[in-house]
2 protein chains.
Amino acid sequence: MPLLYKARHSLLYGLLMAILVFALKWLQWKFLIVDHSLDIYVGLIAVFFTILGVWVATQLGRPAIRTVIVEKAVYVQPVEEFSVNETELKKLNLSNREYEVLQLLTKGLSNAEIADNLCLSISTVKTHVSSLFVKMDVKSRTQAIEKAKRLKLTA
Amino acid sequence: MPLLYKARHSLLYGLLMAILVFALKWLQWKFLIVDHSLDIYVGLIAVFFTILGVWVATQLGRPAIRTVIVEKAVYVQPVEEFSVNETELKKLNLSNREYEVLQLLTKGLSNAEIADNLCLSISTVKTHVSSLFVKMDVKSRTQAIEKAKRLKLTA
DNA sequence: GAAGCGCTCATACTTTAGTATGAAATCCGT
DNA sequence: ACGGATTTCATACTAAAGTATGAGCGCTTC
């Protein structure tokens with residue numbers, strides 16, 4: 001059966017050709033995949049090892065520490081610690097009693113209240129107050145208060 | 001020539017088989033090479049990018065900055081940094097004119113002086129002063145001065 | 001527009017502050 | 001012990017502060 005034989009040869013040949021072509025196509029496709037996956041793979045590798053390098057550098061390697069010294073201004077409250085101006089006070093040359101009266105006077109007390117407070121008569125208080133005005137060079141108790149506060153003569 | 005024909009067929013077959021085998025072998029070798037070169041390539045990539053990562057971390061990465069804060073006491077000038085106590089001032093609910101009178105009053109001025117200063121009659125000043133006393137809950141100008149100074153109501 | 005508030009001024013009065021003068025007692029230092 | 005300073009008090013007076021009441025005007029708000 002040469003005809004059949006010939007036909008079988010032709011069939012085999014065609015089959016082989018088909019297989020070959022299929023194989024080649026498969027390989028070509030595989031190469032395409034491999035090429036693509038290679039790019040992706042290499043890219044992932046690159047990213048991974050870059051991160052690894054950074055991690056190694058930051059974690060295991062000695063970190064570069066720069067010490068920056070910053071001066072911070074701390075404003076200190078002048079803690080209201082009141083201090084009598086002794087200098088100005090001595091200039092006035094007040095007597096003890098006069099200074100006592102001045103202290104009460106600067107607190108806003110009236111002559112009567114000062115008298116009660118120091119167990120004096122109003123007359124005596126008036127005398128002290130008047131001499132105070134002369135020594136302090138003022139003409140009223142209100143000016144005396146203002147000056148005493150300004151010069152820090154009393155607490 | 002069936003024999004020749006058959007022989008040519010066989011030759012062609014053998015040739016095709018040889019080519020196929022050769023192609024397959026070549027592809028196998030190429031795969032081997034590719035596999036090997038991939039390892040090498042990946043290794044090189046890994047090393048390169050690790051080094052790149054280290055370089056990035058050390059060169060471009062910001063160095064760790066250790067900030068040392070040194071507190072430096074700065075003494076505030078005791079320069080009369082006076083500030084009016086707005087809070088307490090608003091509590092009193094003083095009118096504009098009353099506050100003007102209070103400002104002069106705390107400077108030790110008499111009613112007559114305040115009247116001159118604000119171009120008012122003494123009566124008007126007395127009216128303002130009286131209402132001031134009520135609002136400030138005091139009973140005399142001396143107490144008003146003391147309270148105003150204490151609460152920092154005026155300069 | 002009526003009511004309320006702020007500002008002004010006035011009068012009359014009371015209270016307090018301030019001045020002037022005098023005097024007596026105490027303390028301190030030379 | 002004497003003089004001077006301090007402290008105390010008193011009287012008499014003037015000046016200023018403070019109170020009370022009323023009233024007029026302008027403005028805003030309801």
N or O in side chain of A/Ser130 less than 4.0 angstrom from C/dT19 OP1/OP2: yes
Nearest-angstrom distance from the residue atom CD of B/Glu98 to P of D/dG18: 15 Å
Nucleotide of D/dG18, C/dT8, D/dC9 approaching A/Ser121 most closely (side-chain heavy atoms): D/dC9
Proximal nucleotide (of C/dC7, D/dT7, D/dT8) relative to the A/Asn96 side chain: D/dT7
B/Lys139 NZ to C/dT15 P, straight-line distance once rounded to whole Å: 14 Å
Nucleotide D/dT6, atom P - distance to CG of A/Leu132 in whole Å: 12 Å
Closest heavy-atom pair and its distance - A/Leu120, A/Val125: CB-CG2, 4.2 Å
Nucleotide of D/dG18, D/dA10, C/dC7 approaching A/Thr127 most closely (side-chain heavy atoms): D/dA10
Shortest side-chain distance from A/Ser110, nucleotide among D/dG18, C/dT16, D/dA10: C/dT16
C/dA17 phosphate, OP1 or OP2, under 4.0 Å from A/Asn111 side-chain N/O: yes
Any donor-acceptor pair under 3.5 Å from A/Lys135 side chain to A/Asn93 backbone: yes
Integer-rounded Å distance: D/dA16 P and A/Lys126 NZ: 15 Å
From D/dA17, D/dT8, C/dT19, nucleotide with atom closest to B/Arg141 side chain: D/dA17
Whole angstrom value for the distance that separates C1' of D/dA16 from CD1 of B/Ile122: 9 Å
Out of D/dA10, C/dA10, C/dG18, whichever nucleotide has its closest atom nearest the side chain of A/Ser140: C/dG18
Residue closer to the 5' end of DNA chain C, B/Lys135 versus A/Val129 (nearest nucleotide): B/Lys135
A/Leu118 reachable from A/Ile122 in the ILVMFWY side-chain graph, under 4.5 Å edges: no
Any donor-acceptor N/O pair, A/Lys149 side chain to B/Lys149 backbone, under 3.5 Å: no
Among C/dG18, D/dT6, D/dC9, the one nearest A/Ser123 by side-chain distance: D/dC9
B/Lys147, NZ atom: more than 12 neighbouring heavy atoms under 6.0 Å: yes
Nucleotide C/dA25, atom P - distance to CZ of A/Arg97 in whole Å: 19 Å
Distance, rounded to the nearest Å, where A/Ile145 contributes CD1 and C/dA17 contributes P: 10 Å
Closest to side chain of A/His128, choosing from C/dC9, D/dT7, C/dG18: D/dT7
Rounded distance (Å) that lies between atom P of D/dA17 and atom CZ of B/Phe133: 10 Å
